[in-house]
There are 2 protein chains.
Amino acid sequence: MISTRLTERFGIRHPIVCAPMAYVTGGALAAAVSHAGGLGVVGGSYAGTLGGEPDLETELARAKSGKFGVGFITWALERAPKVLTKALKHSPVCVFLSFGDPGPFAAEVRDAGAALICQVQFMAHIDMALKAGAAAVVVQGTEAGGHGASRSTFPFVPEAADYLEQHSPETLLLAAGGIVDGRGLAAALMLGADGVVVGTRLWASADAFTPKAHTDKAIGVTGDSTIRTKVLDALRGVPWPREYSFRFLKNKLTDGWADREGEAFRAFGTLSAKYAQARVQNGLDTVAVVCGETVGLLKDRPSAESIVKSMAAQAAGLLRRGGKLKFTSQS
Amino acid sequence: MISTRLTERFGIRHPIVCAPMAYVTGGALAAAVSHAGGLGVVGGSYAGTLGGEPDLETELARAKSGKFGVGFITWALERAPKVLTKALKHSPVCVFLSFGDPGPFAAEVRDAGAALICQVQFMAHIDMALKAGAAAVVVQGTEAGGHGASRSTFPFVPEAADYLEQHSPETLLLAAGGIVDGRGLAAALMLGADGVVVGTRLWASADAFTPKAHTDKAIGVTGDSTIRTKVLDALRGVPWPREYSFRFLKNKLTDGWADREGEAFRAFGTLSAKYAQARVQNGLDTVAVVCGETVGLLKDRPSAESIVKSMAAQAAGLLRRGGKLKFTSQS
């Protein structure tokens, strides 16, 4: 057990939050993380606006055996705000919003007694989170799988920590992107975070919705194997704001569109039928296997419980020993 | 003082290496870092092949008041290998090679009694470094300023640590990219590094060649302000291998070429005269202010000595206190 402001705030044992991964984090994964001592956050994905998403009511009901939160892609939730109202009836301890202005939802979240957690990808977006009254700001580094942007976790966390210390010292800071084991948790705490948000490692857990063919492809490759690109959303015509891009395993689709983001945007959406057809024909040569750079550290697909517990134990061990280092007081 | 395998190997007090930044790390900066207890590495840049570089003989002579190393861009050194022979006459403790195959230079470095330090940007390049007999591998994250590639420091370090532990446990591991203060040093050690390579923080030191107008522009902006792009080298016609890109402060040039890397490559070199003219006419709207994402944490331009000493002291404090965390043995 590692006690931080995050564990105290939410009454959890480990400062580990499960990322609300769209199409991946269902109620079973969220519950498993919470039972292991972390905080599970069900992925509300595109709030039902994109289609093919897991039924949120079912997943929230599944998560209810413990503490849980719910997360949404903010710009999608704007198109279906009643989905938030319905989700709040399940009494999540937090609502985790990313990719857009959380302001319009802040009052409803607060009135329902849930904590607002805002994930940001730029320093420039922190003020939006603070204005919305975020209990915690998550800074998401570019190494994360799925949607994100260009900042990297390592320099982003201390910069955000200094900013919050100066402007809103009560706001918690979480690190997302690149955190796969206890080394990453310990490092994030050293950089100034109160806890971490874990995606890819839990994406490859037995409790996630991730298709087996995807984790089979992912386990054993190095972290060099992913790419962050805007091409896919342009091809399929999903209207992501231009500052965000998508990380997944490189495949024949990304090889063919390398250095052609501008061209993909000029064709925005017009290739979506062709893309859908290629998905069916070519499988994982076209379909995105959505994981982050930490894919290079995945060796297996264990239970979420064992992931959370071993991450916490390894971090505690490293912190206790100060990384096995010898110090002298001489500078 | 923090003792690691790096400090023991080189007989230094702090596990902090000054990046051999082209056009930036002269003998004065290298000497200042070494006197402060780190290891200064003079930037041998393009081995004289690009032009306008500081005179290497002069800089090495300046560095000689203490331990020092010398660094080169490997693919450029291939075009002027005698520059290495001359540099080795100054008895550097290490030769730091990045961006290319160090193999052709390994024997000469070893015979001169210098340690070979190889910086890599991909997991796929580590074997090349090991084959060359590297005493240390530096994994450079994309957040670094100047040339680099796409991996991020946070997940890159533990992946490389696991790889080295399995394939070459005697080889040291250093982290580069995103390390600006004691938090970063402590975090890098938690991730499995034996030490760090510091660029941007020392770029903005009183001992660097960095023009004052550049640090004046850099101090006060956030880390959102940089971009990594291949456009600049394509425009100016510098033949960098395609896997590398260049990070610097966004300016009017990068705004104008956003999402147009493919187009810039098709025009490779043909715009170099126009680019040179624009540099003169537009100053920092065109000229690259070359720093990494940690620019958001720069508040001043202190001496390299104070940077190294405060980084080491802050890291030692954080590690000693285990990040001020409370532990219990209960999992």
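By convention in this document, chain letters (A, B, ...) are assigned in the order of the sequence lines, proteins followed by strands, and residues within each chain are numbered from 1.
Using a 4.5 Å cut-off between heavy atoms, A/A264 makes no contact with chain B at all. With a threshold of 4.5 angstrom between heavy atoms, A/R260 does not approach chain B through any atom at all. For chain A, the nearby parts of B/A188 are the backbone and the side chain; heavy atoms of each come within less than 4.5 Å. Contacts between A/S150 and chain B at a heavy-atom distance below 4.5 Å involve the backbone alone (N, CA, C, O). For chain B, the nearby part of A/R242 is the side chain; its heavy atoms alone come within less than 4.5 Å.
Looking at B/D233 and B/F246, their side chains come closer than 4.5 Å, going by heavy atoms from C-beta outward. Using a 4.5 Å heavy-atom threshold, the side chains of B/L130 and B/L164 count as touching. Looking at B/H147 and B/Q140, their side chains never come closer than 4.5 Å, going by heavy atoms from C-beta outward.
Ranked by heavy-atom pairs under 4.5 Å with chain B, the first of A/D224, A/L191, A/I227, A/L185 is A/D224. Contacts with chain A were tallied for B/T153, B/T7, B/V157; B/T153 has the most, counting heavy-atom pairs under 4.5 Å. Note: A/E159 leads A/E159, A/Q121, A/M123, A/E263 in heavy-atom pairs under 4.5 Å with chain B. With respect to chain A, the highest number of heavy-atom pairs below 4.5 Å among B/A186, B/A312, B/G262, B/G223 belongs to B/G223.
Ion pair B/D162/A/R183 flagged as a salt bridge, since at least one NZ, NE, NH1 or NH2 atom sits closer than 4.0 Å to an Asp/Glu carboxylate oxygen. Between B/R201 and B/D300 a salt bridge is recorded (basic side-chain N to carboxylate O distance below 4.0 Å).
Looking at A/E261, its side chain does come within 3.5 Å of a backbone N or O of A/K230 through a donor-acceptor pair.
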Worked check of side-chain hydrogen bond (donor to acceptor under 3.5 Å, both in side chains) between B/E143 and B/T294: CA-CA 8 Å; B/E143 47 268 75; B/T294 54; over 6 Å; no
